[in-house]
Amino acid sequence: MWILDTIHFWFFLQFFIALSCIIAIGTNLSQFICIGRFSAVTFQVLGHMKTVLVLILGFLFFGKEGLNLQVVMGMTIAILGMIWYGNASSKPGGKERRNPPPISNAKPDEENNHLLETDDPNGKV
């Protein structure tokens, strides 16, 4: 029986180690995508949201030790700040990154071509 318990334990240990690795890879990829897509402020807000979620899930799964009014107020302020930032950045003019204007391949106007021409044979203006 002891050997079966040991094998059972090692299976779950390897499973949770592999699961932890997969979650870490997913977290790193998501951060890489966020860095390229959002600004530094948005990235910080996402980081704070992740911290709040880790704290909440930790309190739910492992008990309420260390949960006091100060911790609850801190998480509440963080969540309210995230909501405020999301509303502020979604309004017109509040976009994080704007697309640059398209580069025009239009030919110069015929009427402005004379500005580039000079009377000097050496081409000096």
Side-chain angles (χ1 to χ4, degrees):
M1 268 308 180
W2 180 78
I3 294 174
L4 291 177
D5 288 339
T6 304
I7 292 172
H8 191 70
F9 172 76
W10 282 106
F11 171 75
F12 280 109
L13 181 65
Q14 290 174 350
F15 171 75
F16 283 113
I17 289 173
L19 181 64
S20 176
C21 291
I22 291 170
I23 291 171
I25 290 170
T27 302
N28 288 335
L29 286 175
S30 68
Q31 286 181 347
F32 178 74
I33 291 169
C34 287
I35 288 173
R37 191 170 167 100
F38 301 115
S39 74
V41 176
T42 302
F43 189 71
Q44 283 297 113
V45 169
L46 290 173
H48 291 305
M49 187 63 194
K50 182 180 78 168
T51 302
V52 169
L53 287 175
V54 166
L55 289 173
I56 290 172
L57 290 174
F59 291 136
L60 290 175
F61 287 132
F62 302 117
K64 312 235 178 329
E65 296 174 22
L67 183 64
N68 56 31
L69 183 62
Q70 186 177 8
V71 172
V72 172
M73 289 296 294
M75 290 192 302
T76 303
I77 291 171
I79 291 172
L80 290 175
M82 289 175 225
I83 292 170
W84 175 78
Y85 176 75
N87 288 335
S89 66
S90 66
K91 291 182 180 176
K95 295 263 181 194
E96 291 282 332
R97 295 237 175 142
R98 295 193 177 123
N99 292 331
I103 298 173
S104 175
N105 291 333
K107 295 180 181 177
D109 295 339
E110 292 297 326
E111 61 190 40
N112 291 331
N113 278 345
H114 71 279
L115 297 175
L116 300 175
E117 299 172 358
T118 62
D119 295 330
D120 187 16
N122 295 330
K124 295 182 181 177
V125 179

Quiz item: ring-ring contact (aromatic ring centres under 6.0 Å, His included) with F12: which residues, sequence neighbours excluded?
Solution: H8
Exercise. Using the test side chain to side chain contact (heavy atoms under 4.5 Å, CB included), find all partners of F43 that sit at least two apart in sequence or belong to another chain.
Key: Q31, C34, I35
Practice problem: Report yes or no: do F62 and L57 belong to one cluster of Ile/Leu/Val/Met/Phe/Trp/Tyr joined by side chain heavy-atom distances under 4.5 Å? | Solution: yes
Quiz item: Using a side-chain heavy atom cutoff under 4.5 Å and only I, L, V, M, F, W and Y, what cluster partners does L80 have?
Solution: none
Quiz item: If you group Ile, Leu, Val, Met, Phe, Trp and Tyr by side-chain heavy-atom gaps below 4.5 Å, do I83 and M75 land in one group?
Solution: yes
Quiz item: Can V71 be reached from L60 by stepping across I, L, V, M, F, W or Y side chains whose heavy atoms are under 4.5 Å apart?
Solution: yes
Practice problem: Quick one: list whatever passes side chain to side chain contact (heavy atoms under 4.5 Å, CB included) with M82, sequence neighbours left out. | Solution: V45, H48, M49, V52, A78
Quiz item: Under the side chain to side chain contact (heavy atoms under 4.5 Å, CB included) test, which residues partner V72, sequence neighbours left out?
Solution: L67, T76
Donor-acceptor pairs under 3.5 angstrom involving side-chain atoms of residues 14-27: please list them, not counting sequence neighbours.
from	atom 1	to	atom 2	distance (Å)
T27	OG1	I23	O	2.9

Quiz prompt | Cluster companions of L69 among Ile, Leu, Val, Met, Phe, Trp, Tyr (side-chain spacing under 4.5 Å) | solution = M73
Quiz prompt | From I33 atom CD1 to N28 atom CG, the distance as rounded to the nearest 0.5 Å | solution = 11.0 Å
